[in-house]
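To start, I am sharing the structure in question, which I have written as structure tokens.
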Amino acid sequence: MMRPLHHKKLHQLTQWIALIPEDECSLYRAVIDEACVRGIDFALGGAFAVATYTGSWRNTKDLDLYVGPAHKDEMIELLSGLGFRDYYDEKPYDRWWIYRAVRDGTIIDVIWAMANHRQQIDELWMSGPSVEMLGHTLKVLPAEAMIWDKLYIMQRERCDWPDVLNLLYHVAGDLDWEYLLTRMGDDRPLMAGLMSVFQWMSPGRAQSIPAWVWSKLHLPPMPREPLPEVDCRRVSLLDRRPWYGLDRPKLQPAA
């Protein structure tokens with residue numbers, strides 16, 4: 001069983017609610033209120049979860065709700081009752097792992113498995129920290145589960161590695177690495193690739209990761225002498241716009 005991540009720098013979601021337009025926020029509130037009334041077990045993912053760990057908000061105009069497969073039908077029924085319709089007719093998607101509901105341009109994604117069909121959501125995905133949001137205490141996906149999930153999202157039109165690298169920047173030293181590497185299984189070389197990029201960009205931050213992790217990934221150990229927390233030149237080689245660590249754009253509250 002994974003130990004919960006209690007990171008001292010977790011950012012409460014309430015500080016980001018002001019950045020969400022009220023029309024979107026009211027829909028999110030209605031869905032969350034009804035799910036809580038029905039007692040549906042869910043965890044926040046996507047931009048809300050990333051903001052919890054990193055403190056940086058990116059409005060994707062959707063809300064990702066992770067549920068176990070046993071709860072997906074009830075969540076879909078809930079959304080239909082609130083006037084949401086299936087997004088499939090507008091933009092087809094893989095219904096094996098997700099249900100996409102839309103209303104007035106706002107999308108709610110109900111997710112019960114990984115997009116690559118590797119794993120369904122289980123109780124360990126529901127063991128993350130809690131945050132206060134819209135009058136409720138809500139669970140957020142564990143950072144370990146988010147990293148594991150987002151590692152595989154690398155398509156021509158979308159890559160989630162920037163999110164993963166930012167998660168590592170903020171919580172790498174507090175992760176349950178044994179859990180994460182166990183879940184990776186034979187896919188550990190993929191994690192090794194990410195970790196090579198991370199230590200290249202943030203050698204100082206990478207030093208917070210236990211030495212045995214580098215050994216397990218067949219990567220050289222980090223040197224012990226002081227290293228820069230972030231190599232800004234290397235970060236800019238990947239994207240010259242602010243995107244990584246603390247050097248990220250701050251949004252103004254929505255009008």
Side-chain angles (χ1 to χ4, degrees), residues 13 16-52 57-123 125-126 128 131 133-136 138-141 145-164 251 254-255:
L13 282 173
W16 302 108
I17 293 300
L19 302 178
I20 305 174
E22 180 53 35
D23 56 344
E24 292 178 35
C25 199
S26 63
L27 292 177
Y28 298 153
R29 184 183 293 109
V31 172
I32 289 172
D33 285 349
E34 184 64 21
C36 290
V37 167
R38 296 191 182 205
I40 300 176
D41 192 23
F42 68 91
L44 298 172
F48 288 90
V50 171
T52 301
W57 169 253
R58 184 180 76 252
N59 190 7
T60 57
K61 298 187 181 297
D62 66 1
L63 174 65
D64 291 350
L65 302 178
Y66 283 71
V67 300
H71 294 289
K72 67 181 180 70
D73 291 337
E74 187 175 6
M75 188 67 85
I76 293 171
E77 178 190 355
L78 178 161
L79 289 167
S80 297
L82 291 174
F84 286 83
R85 57 182 174 80
D86 190 350
Y87 195 49
Y88 188 88
D89 293 336
E90 188 172 332
K91 187 175 181 179
Y93 59 87
D94 182 2
R95 284 172 162 157
W96 185 89
W97 66 281
I98 189 173
Y99 175 80
R100 311 202 73 194
V102 63
R103 175 181 162 185
D104 300 330
T106 297
I107 295 174
I108 308 291
D109 288 334
V110 179
I111 299 168
W112 57 88
M114 294 169 71
N116 59 3
H117 296 208
R118 191 185 189 285
Q119 171 77 38
Q120 291 191 325
I121 307 305
D122 58 28
E123 67 277 4
W125 292 68
M126 301 295 165
V131 294
M133 175 182 169
L134 298 176
H136 297 281
L138 304 175
K139 287 183 289 188
V140 177
L141 289 181
M146 293 182 67
I147 291 170
W148 182 38
D149 188 27
K150 287 176 172 291
L151 266 174
Y152 298 98
I153 301 176
M154 188 188 295
Q155 295 92 36
R156 291 182 180 180
E157 69 279 7
R158 173 176 172 177
C159 177
D160 277 8
W161 276 37
D163 279 348
V164 181
L251 302 182

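Computed from heavy atoms alone, side chains included, the values below leave out hydrogens, waters and symmetry copies.
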inquiry  = Is the shortest side-chain heavy-atom distance between D41 and K139 below 4.5 Å?
reply    = yes
ask   = What distance separates F84 CZ from D104 CG, expressed to the nearest 0.5 Å?
value = 8.0 Å
query = Can you tell me how far CG of L27 sits from CG of D62, rounded to the nearest 0.5 angstrom?
reply =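 Separation between the atoms: 12.5 Å.
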query = Which atom pair, heavy atoms only, marks the closest approach of A43 to L141?
reply =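 Between these two residues, the closest heavy atoms are CB-CD2, 3.9 Å.
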request  = Hey, could you give me the CH2/CD1 distance between W112 and I76, rounded to the nearest 0.5 Å?
outcome  =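 The CD1 atom of I76 is 4.5 Å from CH2 of W112, to the nearest 0.5 Å.
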message = Could you tell me if the side chain of L44 sits less than 4.5 Å from the side chain of L63, heavy atoms only?
response =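 A side-chain contact under 4.5 Å exists here.
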task = For the residue pair Y66 and W125, categorise the inter-ring angle as parallel (less than 30°), tilted (30 to 60°) or perpendicular (more than 60°).
result =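 It falls in the parallel class, under 30°.
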request  = Please name the pair of heavy atoms, one in G68 and one in M126, separated by the smallest distance, quoted to 0.1 Å.
outcome  = N-CE, 4.0 Å
ask   = Would you call the rings of H117 and W96 parallel, tilted or perpendicular if under 30° counts as parallel and over 60° as perpendicular?
value = parallel
query = Do the side chains of D86 and Y93 get nearer than 4.5 Å, heavy atoms only?
reply =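 Side-chain contact under 4.5 Å: yes.
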task = Measure the spacing between CG of L78 and CG of L65 and express it to the nearest 0.5 Å.
result = 9.5 Å
task = Any chance you could lay out the side chain to side chain contact (heavy atoms under 4.5 Å, CB included) test for W97 and N116, step after step, and finish with the verdict?
result = CA-CA 9 Å; W97 66 281; N116 59 3; over 6 Å; no
task = Might you point out which heavy atoms bring P69 and I121 nearest each other, and give the distance in Å?
result = CD-O, 3.4 Å
message = Between R118 and Y152 (side chain of the first, backbone of the second, donor and acceptor by atom type, cut-off under 3.5 Å), is there such a pair?
response = no
Where A49 and M146 come nearest, the two heavy atoms and their spacing =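 Heavy atoms only, the tightest pair is CB-SD, 3.5 Å.
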task = Check the pair Q120, D122 against side chain to side chain contact (heavy atoms under 4.5 Å, CB included), reporting the backbone distance first and the verdict last.
result = CA-CA 6 Å; Q120 291 191 325; D122 58 28; over 6 Å; no
ask   = If you look at every heavy atom in L82 and A30, which pair is closest and at what distance?
value = CD1-O, 3.8 Å
request  = Rounded to the nearest 0.5 Å, what's the gap from CD on E22 to CZ on R29? Could you check?
outcome  = 5.5 Å
inquiry  = Could you report the tightest heavy-atom contact between K150 and W161, atom names first, then the distance?
reply    = O-CD1, 4.0 Å
Side chain proximity check, F48 to I20, heavy atoms < 4.5 angstrom = yes
query = Do Y28 and T106 touch side chain to side chain, with heavy atoms closer than 4.5 Å?
reply = yes
ask   = Roughly how far apart are R103 CZ and D23 CG, rounded to 0.5 Å?
value =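 R103 CZ to D23 CG: 10.5 Å, rounded to 0.5 Å.
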inquiry  = So if I apply the salt bridge (charged side-chain N to carboxylate O under 4.0 Å, His left out) rule between D109 and each of R100, R95, K72, which one comes out positive?
reply    = R100
Student check: side-chain heavy atoms of K91 and I107 closer than 4.5 Å = no
task = Could you tell me whether the side chain of R85 reaches within less than 4.5 Å of the side chain of V102, counting heavy atoms only?
result = yes
query = Do D73 and Y99 get their side chains close enough for a donor-acceptor pair, meaning under 3.5 Å?
reply =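 No, no side-chain donor-acceptor contact under 3.5 Å.
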